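What follows is a set of notes on a single structure, which appears directly below.
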Amino acid sequence: MDFHQIYQAHAPAVHRFAVGLTGDRALADDLTEDAFVRLWTASDEIRLPTVRAYLCTIVRNLHVSHLRKARRSTPLDDSLADPVHRVAAPVELRSQAEAALRALATLSPDDREALLMRAADMSYAEIAQSLNISVTAAKVRVHRARVRALRAREEQSCK
């Protein structure tokens, strides 16, 4: 399988994982691209059975690095926001995708990662390997994350 085929097969799932992890499509695009660049430039042979887990692990590590850098920066004043964003924001907030991202944001980073990896069609064994936990712990994390995300969505819909 050549790199193009690997990209076609795994990019959508890796991107979904990145969007769920970050809640930001632009950042998710960057993380996904960087993960595939790192895969492309890796000196080791690509192991097809674990390539998706490998890519999601890269995305997760890149996101952690991004968060570390972001902690050192100063947030912008909301009054300086782009007026187009102020008009588009209420429309976006009503969408199902935004509600799901808000529910995901209520989860702990460990639970969110496990749930997003499972949503990316990774097996429990791949999730366990990527997070360096047992398969049983991976199953528990995914279940716990699903329950908490559903509760958060229900609470949001009641508000």
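None of the values given here were measured: they were computed from a predicted structure. Numbers for residues simply follow the sequence, beginning at 1.
- Taking all atoms of both residues into account, the shortest heavy-atom contact from Glu126 to Pro49 is OE2-O, 3.1 Å.
- With sequence neighbours left out, the side chain to side chain donor-acceptor pair (under 3.5 Å) criterion links Thr57 to Ser130.
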Side chains of residues 6-21: which donor-acceptor pairs under 3.5 Å do they make with residues two or more places apart or in other chains?
from, atom 1, to, atom 2, distance (Å)
His10, ND1, Arg52, NE, 3.2
His10, ND1, Arg52, NH2, 3.3
His15, NE2, Asp29, OD1, 2.5

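- Here the straight-line distance linking atom CZ of Arg102 with atom CD of Glu155 works out to 12.5 Å at 0.5 Å rounding.
- When all heavy atoms of Arg118 and Ser123 are compared, the closest pair comes out as NH1-CA, 3.7 Å.
- Sorted by first and then second residue, the salt bridge (charged side-chain N to carboxylate O under 4.0 Å, His left out) pairs with a member in residues 54-69 read Arg60-Glu113; sequence neighbours excluded.
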For residues 135-147, run the donor-acceptor check on the side chains, cut-off 3.5 Å, and write out each pair with its distance to 0.1 Å, sequence neighbours left out.
from, atom 1, to, atom 2, distance (Å)
Arg144, NE, Asp111, OD1, 3.4
Arg144, NE, Asp111, OD2, 3.4
Arg144, NH2, Asp111, OD1, 3.1

Test side chain to side chain contact (heavy atoms under 4.5 Å, CB included) on Asp110 and Leu131 and set out the steps. CA-CA 8 Å; Asp110 292 338; Leu131 298 178; over 6 Å; no
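- Contacts classified as ring pair (Phe, Tyr, Trp, His ring centres under 6.0 Å) and involving residues 44-73 (residues at least two apart or in different chains) are not found.
- Other residues, nucleotides and ligands contribute over 12 non-hydrogen atoms within 6.0 Å of the CG atom of Asp2.
- If you chain together hydrophobic residues whose side chains sit under 4.5 Å apart, Val64 and Ile58 never meet in one group.
- Atom-to-atom distance recorded for Thr22:OG1 and Leu62:CG is 11.5 Å, nearest 0.5 angstrom.
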Show me the side-chain donor-acceptor pairs of residues 31-38 shorter than 3.5 Å, one per line, residues at least two apart or across chains.
from, atom 1, to, atom 2, distance (Å)
Thr32, OG1, Ala28, O, 2.8

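- Side-chain atoms of Arg153 do not come within 3.5 Å of backbone N or O of Ala103 as any donor-acceptor pair.
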